[in-house]
Amino acid sequence: MRARLICGCLLALTLALPRLAGGSRPREAMRGDLLSRFVAAERRATLDAIPVMGPPEPAGLRSTLDCLSAEHEVTLDPVSGIVSASMTLRLKATGGPLTAVSVAFDQGLELDSTAASDRSVSAADAIFAPSRIVEMTLDPPLRAGEETTLTLAYAGTLQCSPRESGGVACRRDPDFAYFAQSSFFPFVFDPAAPGSVEFDGLTRDVVLHVPAGNDVVMSGQKVSQTEDGGQTTSRYVVDKPLTRTVGMYALVGKLGQKPIATQSGSATLVFPPPGEPIDDALVTWSSSALDFVERSVGEPLPFARGLSLVRLPKALGDPGTATFGMTLLSDSYRRMGDVLYEETWAHENSHLFWGIVVPETNSSESRLMTEGMATLTELEYTFARHFPADDRDEYLARRFVPIGLDLRAHLDVPSIRVPLDSALTSDFRGATYMLWAYYRTAATLDHLRVTLGEDVFARTLAEYRQRCAFVGCSPSALEEIAEKKSGRDLTTFFERWVTASERPRVVIGFEPTAAGANVNLEKDDARPMTLELWVTLMDGTRVKQKVDLQGETTLASLTTNGAVRNVSASPRHDVLVDVRSAVDGDLDFDGEVDGFDALRCTRLVGQSYTSRGATGLFEILDPSTAFDPRCDVDDSGTIEDADLARITSAFETRLR
Amino acid sequence: MMRLAHVALLSMLIACDASTPRRGEPPTPEQPPAAVDERVVFLRRAGDRVEVVARGVEEIHGIAFRLKWDPATLSLGNAHASEAWSGHVLVVGKETAPGELAGVWSERGPAPGIHATGETVLGWLEISSSADQAVPAFVAERSKVVDAKGKRVDLRFRNPN
């Protein structure tokens, strides 16, 4: 099971699920509902070893905390873990009053002092191993629209204890010390809505002092690095507004580093010394992935002062993420083989755009334009890198087959856009999360791309990026922009596949004519839909033509330059539309059941596809062995003689 | 005349048997892959049968074919797969209209296909009645051969001149 995600949401939310281990101060001082929420979350987490990756918040938990800027100054010994730190946080109440702010950091650190620029602050804390949660109550509370500046001083020795899920927020080490958010970087949250991931737009300025002789690489853009008085002082900035949950990372020690050739800016691969042979491959893949991502987006990444791509050792238990000017990926993905490891590397790097530059307004509401775009990008990347000689439509359709089968096997997966006031099941995690955040989104984006056409889709993305960069957007923005670029009303598209999860059936029949073919398309409802029809001529030429389906029956007269042999729909619709021939058993849409249909399935007899949750993305990719769901007539998951018998029983049944 | 026909048929059957590799037999090293023009499937009369014969093809996992003939001069019966196939072969044949038949013979599952580098009888159709040496003809655009990977084999369906 591969678990990736954007931003620091994983870290933030796994942080929110630590084991209750008793507080250093009276727990009664903590907000009762916060405690109970953490405990409930902890119980849920124990049910599933897979890390929780950002379940949408239940009803009504919208944060009013709007973080504007943070200045961090930290003195750190990466080996002993001794820390002395301060944070100055400028914040605002948005959408309602704000009565308290919480931070979480390593349980070995303690709050020394806190104050606000214009009001009183009282603090209480408790330990939820391996973190300490500090809640600072503002008196008076911030009114909606009001700002204040909060300062914290904290110090102690990082314990870097493991989470129950096995990962750690930090590791002390002379060579490759690792510090993630909630180690000495406080994770800031609204105790009234601890899981809220609404975009708020936080910039950061981080100064880190470590003993001289250490390398330092951090999230952000490097401003300076100096050595003075036995200390190395590094200053990094996050100079664009990000969600406060985007992870902050610092790596300190004798870091392995290799330069990465890029088209724009500078990039470095960072890894635990002394390095491994895979690092050379990662340098090559990084160059290729960054180039692909920039070309596919059509603009350079905005990290002119440097980009760090980090291979994390598996032992850290951190699957990886993308953050400002930094991508991290666990080398545990090596187990999937080079092609998928490289593909995952491309996925994570595409998040530098789709998530960091262009965030969602609220990633609890949807991951359409972050995980969906990153998944679509990884599929395209692998095509370009490893299968360029294949037919691209067929390659994409092939990749989406197991994704579609997984989705059909898990009908409880929520729709792409989840109402923020909806109550989702408590087991929205693991495979269900993958199916929601990655599979349904990517399949829907590809379906939209086929519906609109590649050019229109590309122009839609370009405007979406322009409008949403560093401010965040929801799927509504995509709908609005796609409508503008295409001149089409996409209300029904978004109703069917974004706010709901339909798989309508469309039945295709056709009659060849002297000029081409008369096509009859039937569906069960009268709502509009657009399909890309594939018309194959007798000489094998494929003609693509979009047809708008209106009402339950649509008749279309297609004009072609030769006699028509087949009329089907692009197989890239198949995840979301159940397209069938008007003749049962006619798998190749030539209007009859014949030996061609039988030969499509005979070699596959005995093949099965068993959905094991969300593994379909990792089904690569040999078309000769790929499961063909059209041959599985009874939808049993296995292609059997009985399926073949069903097909051949209609042998030579013809439409005409 | 009749005696001559029988002799001819017998010699054809003997020749056919001798040149049909057994199932699973690998192509011999001295036989390089045949050129496209040498990869053929054709029909031939053999007594009361019309045989479907392949030659020059490395692997045949399945064949779909459509035949047409003049029903005034020829009448065909059932289609049979030859022994070149395994015991798990799919056999379907159906006369879809007077003078037209569609059929398929195919292995099922991941079994290796037939090596048909030499002349290999894939199957035959019974002749119910005929005039002279009438044979049907392939409808080439509705006929194909696939290998064990499902890939269409590039070959020619050859019809009598």
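Residue numbers start from 1 in every chain, and the chains themselves are labelled A, B, ... in the order their sequence lines are given, proteins ahead of strands.
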| So which heavy atom on B/E141 is nearest to which on A/F596, and how close? | O-CZ, 4.0 Å

| query | Is the shortest distance from a Lys or Arg side-chain nitrogen in B/R66 or A/E592 to a carboxylate oxygen in the other one below 4.0 Å? | reply | yes

| Distance (rounded to the nearest 0.5 Å) between A/L644 CG and B/S106 OG | 8.0 Å

| task | Count the heavy atoms of every other residue, nucleotide or ligand shown that sit under 6.0 Å from NZ of A/K544, and state whether that count exceeds 12. | result | yes

| task | Evaluate the criterion salt bridge (charged side-chain N to carboxylate O under 4.0 Å, His left out) for residue pair B/R142 and A/D590; output intermediate values, then yes/no. | result | CA-CA 11 Å; B/R142 304 301 299 153; A/D590 62 358; 2.4 Å; yes

| Around atom CZ of A/R542, are there more than 12 heavy atoms of other residues, nucleotides or ligands at under 6.0 Å? | yes

| query | Which bit of A/I639 is near chain B, if near means a heavy-atom gap under 4.5 Å: side chain, backbone, both or neither? | reply | neither

| said: Restricting to non-hydrogen atoms, name the atom on B/P110 and the atom on A/V605 that form the minimum distance, rounded to 0.1 Å. | reply: CD-O, 4.1 Å

| Closest non-hydrogen atom pair between B/A64 and A/L599, with its separation | N-CD1, 3.6 Å

| query | Would a 4.5 Å heavy-atom cut-off, applied to side chains only, mark B/H88 and A/D641 as touching? | reply | yes

| How many angstroms lie between atom CZ of B/R108 and atom CG of A/L604, to the nearest 0.5 angstrom? | 13.5 Å

| task | Tell me, yes or no, whether the heavy-atom count around A/N561 atom CG, taken from other residues, nucleotides or ligands under 6.0 Å, exceeds 12. | result | no

| message | Given 3.5 Å as the limit, does a donor-acceptor pair link the side chain of B/K94 with the main chain of A/F651, or not? | response | yes

